[in-house]
Amino acid sequence: MSFDLRQGETIGIVGESGSGKSVTSTAILGLIPSPPGKIERGSIVFEGKDLTKLSQDEMRKIRGNEISMIFQDPMTSLNPVFTVGNQIIEVIRLHQQVNKKEARTRAIEMLKLVGIPEPEKRLEQYPHEFSGGMRQRVMIAIALACNPKLLIADEPTTALDVTVQAQILELMKKLQVDLKTSIIMITHDLGVVWESCQKVLVMYAGNTVEYANVEDLYQNPLHPYTWGLLDSQIKSDTVGKLPSIPGNPPDLRNEIAGCYFAPRCAYAQEKCFTERPPLVEVSLEHMVACHFQTADHRLKREGGEASE
Amino acid sequence: MSNQAQNISPVSVPLAAKKKSKENSVWRRLLKNKLALVGMIIIAIMVIFSVFAPLIATHPPNAMDLANSLSEPGVDGHILGTDNYGRDLFSRIIYGTQISLIVGIFAIGLGGMIGTLLGLVAGYYGGKWDAIIMRLMDGLFAFPFILLSIALMTVLGAGLFNVILAIGVANIPGFARIVRGQVLAVKEEEYIEVTRSLGANHSRIIFHHILPNCMAPIIVYATMNVAGAIISEAALSFLGLGVQPPTASWGSILKDGKDFLVLSPHMATFSGLAILLSVLGFNLFGDGLRDALDPKMKV
Amino acid sequence: MLRLILRRLVDLIPTLLVVATTVFIITRMIPGDPAAVLLGPQASPDEIAKMRESLGLNQPMYLQYIDFLGSLLQGDLGTSLGYHQPVLSLILERFPNTLLLSVCALAIALLIGIPAGIISATKQYSAWDYTVMILSLVGVSMPIFWLGVMLVLYFSVHLGWLPATGMGSLSEGFGSVITHLVLPSIALSTIPMATFARITRSSMLEVIRQDYIKTARAKGLREFFVVWKHALKNAMTPLLTVMGMQISSMLGGAVLTETIFSWPGMGRLVVDAIENRDFVVVQGTVLFIAVIFVLINLLVDILYTVVNPRVNLSNKGEG
Amino acid sequence: MSETILQVNNIKKYFPVKDSSLFAKPAKFVKAVDDVSFEVKKGETLGIVGESGCGKSTLARLIMQLIRSTSGSVIFNGQDLASLSEQELKKARKSIQMIFQNPYASLDPRKTVEQLVMEPLVIHQVGTHQERVQKVQELLEVVGLSDYHATRYPHEFSGGQRQRINIARALALHPDVVICDESVSALDVSIQAQVINLLKELQAKFDLTYIFISHDLNVVRYISDRIAVMYLGRVVEMGTYEEIYHNPQHPYTRALLSAVPKESPLVKKERMILTGDVPSPMNPPSGCHFHKRCPYATDRCKTETPALELFEGQHLVSCHLLGDIS
Amino acid sequence: GGQSSAPAQDGKGTGQEQAAAGEPKDGGVLKIGLSSTAKTLDPIAYTGAYESNIIRSIGDTLVRYSGDLSKIEPSLATEWKVSDDMKVYTFKLRDNVYFQPGKYQDGRKMTAEDVKYSLERSSKQSALKRLRGVQSVEVISENEVALHLEQPNAALLAMLTDGGNIVVPREEVEGWGDQFGQHLIGTGPFQMDKFNQDDSVALKRADKYWGPKPHLDGVEFKFITDANMMTNALRSGDIDVVTDVKGQNRAVIEKDQNLNLQTKPGLSIEYMGLNQNEGPTKDKKVREAIRMAVDVEGLVKGVFKWGGAEKSYLPLPKASWGYDSSLEASVPAFDPQKAKQLLAEGGYPDGFKTELYVIASRVPQATIAAQQLKDNLNIDAEIKTVEWGTFSDVVAKGKAPLYIMGWSWYPDPDFFLYQMFHSKQIGSLGNGYGYNNPEVDKLLDRATAETTDEAKRKEMYGQVMKMINDDVVHVELGLLDVATGMKKYVEDYQVRADSSIFLVNEETNVWLNK
Ligand SMILES: Nc1ncnc2c1ncn2[C@@H]1O[C@H](COP(=O)(O)OP(=O)(O)OP(=O)(O)O)[C@@H](O)[C@H]1O
Ligand SMILES: Nc1ncnc2c1ncn2[C@@H]1O[C@H](COP(=O)(O)OP(=O)(O)OP(=O)(O)O)[C@@H](O)[C@H]1O
Ligand SMILES: [Mg+2]
Ligand SMILES: [Mg+2]
């Protein structure tokens with residue numbers, strides 16, 4: 001997969017559970033546990049540096065400092081046995097030459113910034129004394145404590161309630177404006193993508209199947225998987241039987257020769273099972289990986305809603 | 001759901017076969033695990049030793065030759081030398097396998113079973129039961145092993161069974177505590193509540209759901225304690241509780257060997273090695289079994 | 001918290017009553033007349049009879065029991081038949097020695113067992129891992145007397161670095177006690193060390209897969225801190241349980257170690273007392289040990305809350 | 001459709017809060033469910049929405065008699081469930097089943113699918129073993145799993161498939177009422193659609209009654225005939241789905257509706273972002289529980305608890321400002 | 001074998017060594033390892049031989065045995081005489097004897113009152129009755145006391161040598177009460193310095209000791225319960241002297257360049273007791289068969305692979321003056337054939353099943369004996385290893401069909417033969433087989449009541465042993481050595497057959513040659 005991202009921009013990565021979204025994002029930080037994982041090939045260029053070529057030490061200086069990350073589940077991503085303050089101060093002192101007191105002041109500032117009332121008191125509390133939404137805000141505070149240039153948000157709102165989810169998305173938007181941070185937003189909820197991203201990357205089984213601007217993708221989705229994804233979202237006006245993608249994602253432990261989506265694809269033909277389609281740019285800044293969606297050939301989308 | 005019936009393909013796999021296949025899968029997983037396999041081979045060898053001792057042993061285990069006591073390994077056809085009575089050490093270790101195996105397995109089995117049961121009850125029911133059982137366990141833990149053993153001997157008389165009983169009883173509190181801790185965690189799992197919602201009674205919940213999910217630490221703890229049990233047997237035989245001379249057991253050979261440690265270390269060394277090997281076997285097997293019983297472990 | 005402590009202390013009463021009764025019954029039940037054992041082989045029957053009388057052993061059992069409970073209520077553990085001294089003072093004289101030995105052994109076990117377990121877990125399936133695991137199995141199957149004699153043969157007899165037995169005394173300087181302490185502590189520490197290594201390993205393997213470890217790494221934390229700060233504290237809970245059990249059995253008297261190294265501790269006291277049928281001492285020590293166990297369990301429960309703020313003590317064990 | 005199958009009357013659940021200090025009065029409670037009443041008719045689906053921690057699961061547990069209510073009653077087919085003996089309750093449980101929130105945690109990891117689905121049959125001693133095996137095959141078929149899945153373990157399945165296993169298990173005893181506690185919340189969109197379709201199919205086929213709990217309003221709307229909105233242990237609004245979606249009255253319902261993410265990148269949606277978190281049920285605000293986060297709150301809201309009153313049709317609302325907010 | 005080098009190792013030998021080593025040097029602390037813990041040193045309360053060894057360095061008795069145990073010598077009493085009816089013993093006391101200073105007295109002179117107090121305390125209050133049959137002690141003058149006996153007792157002087165009968169000051173006894181056992185005060189060469197429970201007892205030189213001035217500054221007794229560790233401690237230099245050396249440790253010490261092993265036949269015998277009243281052994285033929293079927297020679301060699309014991313013939317150790325080697329010949333030799341025949345005559349041609357009780361430390365003896373009984377007579381003697389408390393209970397109650405145990409006490413034969421064979425002792429451990437022979441009883445009584453003359457008494461004891469031999473009560477097994485290991489630099493250390501330790505007296509004065 002490949003994509004690029006400019007300052008202050010947000011890219012959304014969507015795809016079902018297990019489609020490799022988290023692996024991609026942790027790869028950027030060089031955090032794929034090895035063994036078993038390892039980056040086979042390719043490069044990750046951040047501000048001109050290839051992150052895959054950096055040493056562990058250099059990488060550590062970047063982590064949490066220039067690139068930071070918010071994980072999927074706020075309930076399990078904070079260390080339960082340290083106070084929230086401890087965990088924020090830790091990252092500040094790690095990357096900035098400040099003393100304990102200054103770090104503490106900064107931590108309080110951060111908590112205030114993400115909208116946690118009584119931050120002085122809250123600093124001394126443990127994660128389990130926070131609600132899910134507050135924990136996710138703490139995670140954001142940790143991630144933003146060193147003014148990173150890039151924030152990777154791995155499903156930052158999946159575990160949260162709708163109202164809290166709305167709050168968090170709002171907060172991230174605001175912070176992005178203030179801090180000029182670029183964001184990689186990983187989610188399986190297209191609504192979140194519409195809400196907050198400029199570009200979107202659709203992943204299936206570890207591969208990028210489509211990459212486009214958000215509007216473009218919404219109006220003119222090309223990959224059958226993207227169609228399925230769009231269709232199965234329940235909207236305020238959905239009635240009748242829900243369109244859904246039949247079957248289950250493939251087991252990636254097995255060798256699969258063709259297009260990963262072929263077994264579930266209504267449009268699949270023989271070729272799809274034998275040959276992996278490359279990701280090609282079919283129109284301006286719109287890339288798709290499908291044998292039958294090319295610059296000069298289009299599939300006709302059946303069922304669902306036509307978006308032309 | 002009868003209206004569905006015609007759509008349903010006939011049951012393809014006969015039931016018995018299926019049951020078997022499940023057991024098979026645990027077994028297969030065990031066999032696939034190389035370390036567990038090593039463990040099983042060790043245990044198998046010990047079982048063979050204990051069953052076929054008369055065939056394997058090179059000498060009668062109790063035949064003394066006082067003139068040739070404590071001879072070095074290899075001398076006069078004594079593979080591992082002789083003990084302080086001039087008895088063939090190899091043959092005694094072979095014969096001793098049986099006692100040591102029986103004591104190790106049954107004592108831990110007994111202590112493990114009772115301890116697990118108590119731990120299950122304490123952890124599951126909590127409250128008063130928990131307090132009573134666990135405080136009793138504290139009390140039992142406080143009892144010196146020797147005192148307990150002498151008392152048991154008095155009531156029940158000496159014998160192999162009482163060695164097992166004494167060591168078993170001494171092992172109860174440890175199991176109870178470990179199991180209780182585990183139960184406290186498992187009983188909060190959602191699938192336990194699901195089972196309750198299906199109308200299951202306590203015993204079904206405890207034995208069909210909580211217990212299987214507590215097995216991992218129980219197995220590990222049990223296999224680790226086998227060594228202790230085998231060694232304890234020697235301590236007990238000196239109190240008159242249990243296996244009496246001239247019957248051979250690893251523990252008693254080891255303990256006898258202690259008095260010749262400096263000049264003739266082979267007695268203590270070989271019996272110690274036998275214990276070590278069996279412990280290795282049990283632990284490897286235990287770890288393998290734990291993994292094999294855990295459907296999540298990929299082998 | 002205070003409530004819990006108080007409740008546990010109240011719990012202690014029935015425990016002690018049960019323990020006291022059981023130990024009373026057991027000591028009266030086992031063969032061997034204290035008077036006869038005390039007087040030795042040369043005693044004549046009428047001397048033994050006189051001795052029994054003077055020890056109060058010819059009273060009816062229930063009276064002895066009532067006497068025993070009565071003085072127990074007044075905090076009196078009785079007077080030793082063999083030492084002719086109050087049992088409590090006998091215990092209190094030896095308990096610090098046992099405590100010292102156990103604490104040192106525990107420290108060694110922790111300082112080596114936990115790092116070994118951690119390294120084993122962080123390098124799972126490496127040569128290191130296998131080495132540590134095999135060594136830990138050797139550790140649990142190593143008979144203490146064997147290890148003790150070997151240690152002494154090498155370090156005391158061969159190298160002459162350390163004294164072989166005894167405890168030394170503070171009057172010869174602190175160093176004397178320290179040097180006497182080394183070998184018995186090492187011998188006593190092997191089994192707990194091996195246990196800790198195994199428990200730490202499995203518990204670390206669990207913890208290290210958790211999300212918050214990923215978070216810590218994503219912060220740019222050194223692996224060292226990730227493991228030793230973030231992971232370890234989370235892995236402590238099962239370790240504490242086992243630690244509590246190990247301390248309990250050590251304080252109950254590391255009988256073998258104390259015997260081999262002639263360490264003047266509780267273990268020897270109680271075994272001696274059993275062999276000499278010094279029932280009063282047996283009763284006293286068993287009760288004392290029971291109290292210690294309950295206190296250690298309590299301490300472990302309190303420690304749970306320290307390593308894990310989620311644990312709510314008042315709910316634990318009573319809910 | 002008109003026959004009432006389940007009735008919940010003024011049910012309350014107060015969890016006592018254990019305080020660790022020695023001298024505290026034990027008078028503190030979490031009012032997880034505070035005076036909730038509703039009825040469900042045969043064959044209908046009642047949706048319950050609300051934020052995390054508002055008492056949805058507790059309500060479900062109360063109905064299932066997994067926990068005892070502090071007061072109030074659950075009447076099922078005319079029987080007060082709380083008054084039943086152990087044995088009678090076991091019988092009643094055949095008719096009410098629950099599908100739990102978390103498909104990952106609600107399956108015993110050490111049981112095969114067959115054992116799991118067969119469990120209710122075993123517990124209630126339905127049929128011979130042979131018949132049970134047959135039944136399991138049928139059930140797996142019904143939920144769209146194949147018979148070769150029967151010998152596998154839960155971890156070998158995706159979330160959607162696991163939820164199917166849960167559903168199969170819940171259906172094993174032919175229940176009348178199925179409570180779905182966030183049964184699809186943990187699933188991916190495409191899987192979620194599969195499961196919802198399945199639920200709807202089954203409802204049609206077996207005339208099931210659902211109580212469908214979720215915090216996803218679109219899902220609830222899609223599946224439910226009537227919807228109850230809960231906030232901090234209380235029902236704040238209840239009505240048919242048209243009533244709730246097209247004419248929401250309670251400010252909280254409105255906030256919930258507006259929090260649903262955009263459905264298109266093309267529209268600009270004005271969202272009503274609530275401030276603050278759900279307050280702790282241990283220490284709920286006085287008066288109307290919602291007043292601290294409500295942009296319209298008046299002084300009256302701070303002191304006086306509003307009652308759940310009929311607004312129009314079947315539409316019940318609990319707000320002092322009923323009709324005043326545009 | 002330690003025995004072969006015996007000449008240099010008996011009491012006199014040390015004297016020659018001393019000459020070779022040159023002038024004794026003063027100074028240093030001698031560290032002695034004892035194999036059991038001293039619980040209390042109170043003379044009336046102590047129970048173990050280990051404790052009495054410490055007591056002997058602190059206090060003195062009126063009389064003591066000479067180094068070779070051949071005769072009673074003066075100690076606090078300079079001379080004594082026995083009345084004709086043998087019921088009054090009069091002692092003349094040494095005059096320059098002072099107690100060691102303590103908390104309740106400052107080292108005052110010992111008086112006749114102290115002797116009276118101490119001996120009466122022992123005879124009335126001592127749990128172990130170390131002064132049996134003393135009716136009263138009379139202070140005749142400032143330096144003269146008389147002991148009045150209930151009945152004649154020729155063994156009185158032997159009893160008086162016991163550490164339990166040292167003279168102690170009343171103030172200290174009463175002042176310390178229960179604690180006196182940790183703060184013993186006496187008139188001996190060393191005084192209590194520190195009592196570390198279960199660990200060690202440290203003594204320092206007593207300045208006003210009446211005897212020769214000790215060369216040593218002090219003595220430390222260390223309690224080391226594990227025999228192997230004791231030897232290790234000797235080798236590592238933790239201690240200078242180990243007592244009670246057995247088994248492999250004998251060889252280990254002999255091999256070590258820096259160590260000396262001194263060994264001599266002791267006052268300990270081992271035997272198998274044969275139940276006289278119950279089971280197959282009730283029949284004398286069976287008992288004879290058993291005795292003949294045990295190859296004692298082989299057994300002793302097997303158990304004591306590294307030496308330290310010899311075959312025993314009589315129920316009396318050779319170190320006792322009562323020992324009569326002419327009786328050895330009347331003990332039948334090992335003869336399995338004849339044994340088998342006797343057993344058949346006794347009605348058990350195919351052997352029988354029985355039990356052999358033993359404590360853990362004598363399991364090797366039992367193992368070999370049982371094997372021999374099995375091999376030679378097809379008797380299945382199931383070994384019952386029990387700990388001491390149970391053993392003494394079972395045996396004293398006469399419930400053990402066969403048992404192996406040991407006996408050791410003063411050199412006076414009374415303490416062996418009376419204890420083990422007088423019917424009055426049935427019910428106690430000594431006569432656990434229930435031996436009852438009125439003739440033996442009579443002789444044993446006479447031997448202490450009629451005369452104090454050793455020759456006459458020896459004759460009577462000889463007759464007793466003959467009868468016992470005929471009745472087959474014991475199978476005598478081993479006669480154990482007393483073996484002591486020590487650093488080469490320990491000089492003038494006397495190993496005594498009764499394994500008592502005297503560091504300083506008229507015969508010896510231990511010093512360190514380093
Ligand atoms: N440590 C690992 N070892 C082996 N396989 C892994 C590991 N981590 C992830 N995978 C596999 O890589 C694939 C992609 O996983 P990833 O976590 O990136 O998915 P995701 O899109 O983030 O899913 P979700 O929405 O559930 O977070 C999955 O098939 C997963 O099983
Ligand atoms: N056993 C219990 N003891 C004490 N408090 C409880 C208990 N169970 C639930 N609660 C509390 O009751 C309140 C309601 O919980 P409940 O689980 O019913 O919420 P929910 O609406 O299902 O939330 P979610 O969406 O997170 O599942 C919460 O504050 C919870 O902390
Ligand atoms: Mg992910
Ligand atoms: Mg819930």
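For the numbers below, each heavy atom of this structure counts, side chains included, while hydrogens, waters and symmetry mates do not.
A distance of 7.0 Å separates CG of B/L261 from CD of E/Q248, quoted to the nearest 0.5 Å. B/T247 OG1 to E/E382 CD: the interatomic distance, rounded to the nearest 0.5 Å, is 8.5 Å. Interatomic distance, E/E387 CD to B/S149 OG, rounded to the nearest 0.5 Å: 10.5 Å.
The contact between E/D226 and chain B is made entirely by side chain atoms (from C-beta outward), counting heavy-atom distances below 4.5 Å. Heavy-atom distances place no part of E/K301 under 4.5 Å from chain B, backbone and side chain included. For a residue to count as touching a neighbouring chain, one of its non-hydrogen atoms must lie under 4.5 Å from one of that chain's; by this rule E/K246 does not touch chain B.
Residue pairs meeting the ring-ring contact (aromatic ring centres under 6.0 Å, His included) criterion with at least one member in residues 147-177 of chain B, sequence neighbours excluded, are B/F175-B/Y221.
Under a cut-off of 6.0 angstrom, the local environment of NZ in E/K488 is crowded, with over 12 non-hydrogen atoms contributed by other residues, nucleotides or ligands. Shown here is E/K338, whose NZ atom has no more than 12 heavy atoms of other residues, nucleotides or ligands within 6.0 Å. No more than 12 heavy atoms of other residues, nucleotides or ligands sit less than 6.0 Å from atom NZ of E/K31. For E/K399, the NZ atom sits in a loose shell: 12 or fewer heavy atoms of surrounding residues, nucleotides or ligands are nearer than 6.0 Å. When the shell of 6.0 Å around CZ of B/F106 is examined, it contains 12 or fewer heavy atoms from other residues, nucleotides or ligands.
Within residues 78-100 of chain B, the residues approaching chain E closer than 4.5 Å by heavy atoms are, in numerical order, B/N84, B/Y85, B/R87.
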Stepwise side chain to side chain contact (heavy atoms under 4.5 Å, CB included) test for B/V262 and E/K255: CA-CA 12 Å; B/V262 182; E/K255 270 194 208 158; over 6 Å; no

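Using modelled atom types, no side-chain atom of B/N62 and backbone atom of E/Q371 make a donor-acceptor pair closer than 3.5 Å.
Minimum interatomic distance between B/L66 and E/G302 (heavy atoms only, all atoms of both residues): CD2-CA, 4.0 Å.
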